[in-house]
Amino acid sequence: MVNKLAKTLSTTMNARIIGSGKETMVLAHGFGGDQSLWDKVLPALTQTYQVVLFDWSFSGAIKEPNTLYDPAKYSCYDAFSDDLILLMEELGLNSTIFVGHSMSGMIGCVASIKKPHLFKNLILIGASPSYFCLFKEFKYHRYLNTECYEGGFDMKDLEQLFSSIESNYYEWASFFPSVVMDKDDLESVKMFQESLKRMKPEIGLSLAKTVFLSDSRDILEKVVIPCTIVQTTKDLVVPLAVV
């Protein structure tokens, strides 16, 4: 098994490459997670692929002081996609299989539009181009249900979500995983709870607003890389209508 480390951004993002396959697979975790959430599938993947793992700037796994995350900079997926591109270029990657969970699915799509040669296939797990729809009377995008689009939430749901995160982040972090995951998979629920609690509360609130107030539907037609969409049968955050 090979273990490599690059410098600068890839070092800050705890990037590592394991496995020795001919093809490279990049695993990008979602909201509130870190690379440890891939642990269950990693042994199988490394038998076939050279696997790249890393932690996003918001992750609690980033060493303190976390000087990488800036709420203003990461108020949209564009900055995340730039980080992904720089990370892949530092590691000398090309024509990779990118696996993006949750918000990382859209980040991968944005990055593939900018630098298509870095990607061979996009595997989107529980990804959504828009949790909230665009309201013409407002000047910003929302992941919001409308008559023409089911995004997964109503505005009152969003307001309650942000309020819960802001008022008692750790209580919310204990509750949220059991709502969006299989309650019978106690090990995975606990792992996600711990990952959420490692993330700073102020980052959690900022990131939640970035994710749940975004709308990336307009970029979908620009994605030319083949995509494989993977969706669970029940997903509170990303309903089948979105897929």
Between [X] and [Y], which heavy-atom pair has the shortest distance, and what is it?
| X | Y | answer |
| --- | --- | --- |
| T210 | S75 | OG1-CA, 3.5 Å |
| G32 | M199 | CA-CE, 3.7 Å |
| N66 | S57 | ND2-O, 2.9 Å |
| Q35 | N14 | NE2-O, 3.0 Å |
| V238 | G126 | CG2-O, 3.4 Å |
| Q50 | I17 | CG-CG2, 3.2 Å |

Checklist entry - Do the two ring centres, one from Y170 and one from W172, sit under 6.0 Å apart? => result no
Calculate, to the nearest 0.5 Å, the distance between atoms [atom1] and [atom2] belonging to [X] and [Y] respectively.
| X | Y | atom1 | atom2 | answer |
| --- | --- | --- | --- | --- |
| S10 | D83 | OG | CG | 11.5 Å |
| S206 | K200 | OG | NZ | 12.0 Å |
| M181 | L186 | CE | CG | 10.0 Å |
| M88 | T96 | CE | OG1 | 3.0 Å |
| T11 | L9 | OG1 | CG | 8.5 Å |
| L68 | M13 | CG | CE | 6.5 Å |

Any side-chain heavy atom of [X] sitting closer than 4.5 Å to one from [Y]?
| X | Y | answer |
| --- | --- | --- |
| P129 | I219 | no |
| L42 | I18 | yes |
| Y69 | P71 | yes |
| W38 | V51 | no |
| L93 | L118 | no |
| C109 | L122 | yes |
| W56 | I107 | yes |

Checklist entry - Under the salt bridge (charged side-chain N to carboxylate O under 4.0 Å, His left out) rule, what pairs show up with a residue in residues 104-113, not counting sequence neighbours? => result none
Is the count of non-hydrogen atoms from other residues, nucleotides or ligands lying under 6.0 Å from [X] atom [atom1] greater than 12?
| X | atom1 | result |
| --- | --- | --- |
| Y49 | OH | no |
| E202 | CD | yes |
| E221 | CD | no |
| K114 | NZ | yes |

Checking the side chain of [X] only, and the main-chain atoms of [Y] only, is there a donor and an acceptor separated by less than 3.5 Å?
| X | Y | value |
| --- | --- | --- |
| Y169 | L196 | yes |
| T48 | L45 | no |
| D55 | I62 | no |

Item to check | K197 and S174: side chain donor to acceptor below 3.5 Å | outcome: yes
Next on the checklist: Go through it in stages, so that I can follow the logic: the residues are F98 and S112, the test is side-chain contact (heavy atoms from CB on, under 4.5 Å), and I'd like the CA-CA distance, side-chain angles, deciding distance and then a yes or no.
Outcome noted: CA-CA 10 Å; F98 177 83; S112 76; over 6 Å; no
Item to check | Passing option when L27 is tested against L37, L53, V52 for side chain to side chain contact (heavy atoms under 4.5 Å, CB included) | outcome: L53
Checklist entry - Under the salt bridge (Lys or Arg N to Asp or Glu O under 4.0 Å) criterion, do K40 and D185 qualify, and how do the steps go? => result CA-CA 12 Å; K40 281 188 175 182; D185 188 355; 3.4 Å; yes
Checklist entry - What is the ring orientation for Y74 with F80, classed by angle as parallel under 30°, tilted 30 to 60°, or perpendicular over 60°? => result tilted
Checklist entry - Between F54 and H29, what is the ring plane arrangement, given parallel below 30°, perpendicular above 60°, and tilted in between? => result tilted
Distance-only check: which donor-acceptor pairs under 3.5 Å involve side-chain atoms of residues 160-167, not counting sequence neighbours?
residue, atom, partner, partner atom, Å
Q160, NE2, S164, OG, 3.1
S164, OG, Q160, O, 2.9
S167, OG, S163, O, 2.9
S167, OG, S164, O, 3.4

